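Since the model is a prediction, treat every value here as computed from it, not as a measurement.
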Amino acid sequence: MNFDNKSIISIYAAQQIFTAQAIPGILTLYSDKIVFNATDLKKGNNLTNTFEINNICKLNLHRGLLLSKIYLTDSSNEIWNFKHINNNDAKSFLSKYNALVSKLK
């Protein structure tokens, strides 16, 4: 695995925390991980989630008319929802993720 921490793609997304609450931020694919950084929280209340590529079981895309959702399933079968994603951005993110994973196998 290449651990050079180079960003491959970043997209705007909202991480769904509860059924009615989502936190906006940036979802970034690196060569070894996916990182979500919240952008709209007050100082000192940063939300960052890091998902190592080797701990991701599945990355699914659900397309809507205008916006898409990405569902990430980790190795402990926990599902992380990211929504309010531009359709083209979501498709590019998933495509680059799939290309990265296929290179690592």
Side-chain angles (χ1 to χ4, degrees):
M1 219 184 258
N2 183 8
F3 291 101
D4 61 4
N5 288 333
K6 184 175 180 189
S7 169
I8 296 171
I9 184 172
S10 293
I11 60 174
Y12 292 103
Q15 183 177 1
Q16 189 165 353
I17 303 297
F18 301 109
T19 303
Q21 182 181 10
I23 298 173
I26 298 174
L27 191 62
T28 304
L29 174 64
Y30 292 93
S31 58
D32 60 337
K33 63 188 171 240
I34 293 175
V35 176
F36 176 78
N37 286 310
T39 56
D40 201 19
L41 293 176
K42 295 181 180 183
K43 262 189 176 176
N45 293 331
N46 294 337
L47 173 68
T48 301
N49 284 322
T50 302
F51 309 95
E52 300 296 328
I53 293 291
N54 55 356
N55 289 332
I56 297 172
C57 294
K58 217 177 351 179
L59 201 64
N60 292 330
L61 172 65
H62 293 266
R63 294 181 61 128
L65 288 175
L66 300 174
L67 299 172
S68 292
K69 297 177 185 178
I70 291 177
Y71 296 100
L72 185 151
T73 306
D74 65 17
S75 58
S76 60
N77 285 329
E78 189 167 356
I79 299 172
W80 301 83
N81 301 323
F82 300 94
K83 59 186 197 172
H84 303 299
I85 306 169
N86 173 287
N87 282 334
N88 291 332
D89 292 346
K91 186 177 175 185
S92 293
F93 191 92
L94 193 66
S95 165
K96 290 180 189 282
Y97 169 80
N98 287 335
L100 174 67
V101 170
S102 68
K103 269 201 268 187
L104 297 175
K105 288 184 178 182

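When all heavy atoms are compared, the tightest approach of Lys91 to Leu61 is CA-CD2, 4.2 Å. Closest non-hydrogen pair, Ala14 versus His84, comes out as CB-CD2, 3.7 Å. Looking at every heavy atom in both residues, Thr50 comes nearest to Lys33 through CG2-CD, 3.7 Å.
Between Asn98 atom CG and Leu94 atom CG the span is 4.5 Å, to the nearest 0.5 Å. Taking CG from Asn55 and OG1 from Thr73, the interatomic distance works out to 13.0 Å, rounded to the nearest 0.5 Å. Distance check: Lys83 NZ to Ile70 CD1 gives 14.0 Å after rounding to the nearest 0.5 Å. Atom CD1 of residue Ile26 and atom OH of residue Tyr12 lie 5.0 Å apart, to the nearest 0.5 angstrom. Separation of atoms CG (Asn37) and CD (Gln15) is listed at 10.5 Å; rounding is to 0.5 Å. Between the CG atom in Leu29 and the OG atom in Ser95 there is a gap of 10.5 Å [rounded to 0.5 Å].
With contacts defined as side-chain heavy-atom distances shorter than 4.5 Å, the pair Ile56/Leu72 qualifies. Contact of the Leu59 side chain with the Val101 side chain is not registered, since no non-hydrogen atoms from C-beta on lie closer than 4.5 Å. Using a 4.5 Å heavy-atom cutoff, the side chains of Trp80 and Asp74 are in contact.
In the hydrophobic clustering of this structure, Leu100 groups with Ile11; members are Ile, Leu, Val, Met, Phe, Trp, Tyr whose side-chain heavy atoms approach within less than 4.5 Å, directly or through other members. Placement of Ile9 and Leu104 within a single hydrophobic cluster is found when ILVMFWY residues are connected by side-chain heavy-atom separations under 4.5 Å, directly or transitively. Both Ile85 and Phe51 belong to a single network of hydrophobic side chains, linked directly or stepwise wherever heavy atoms of I, L, V, M, F, W or Y lie under 4.5 Å apart. Note on Phe93 and Ile8: same hydrophobic cluster, where clusters join Ile, Leu, Val, Met, Phe, Trp and Tyr whose side-chain heavy atoms are under 4.5 Å apart, directly or indirectly.
Taking the six-membered ring where tryptophan is involved, the planes of Phe82 and Phe36 are tilted, since the angle between them lies from 30° to 60°.
For Ser92, there are no side chain to side chain donor-acceptor pair (under 3.5 Å) partners two or more places apart in sequence or in a different chain. In terms of the ring pair (Phe, Tyr, Trp, His ring centres under 6.0 Å) criterion, Tyr97 has no residue partners (sequence neighbours excluded).
No donor-acceptor distance shorter than 3.5 angstrom exists from the side chain of Asp32 to the backbone of Ile53, with no hydrogens or angles considered.
When the shell of 6.0 Å around NZ of Lys69 is examined, it contains 12 or fewer heavy atoms from other residues, nucleotides or ligands.
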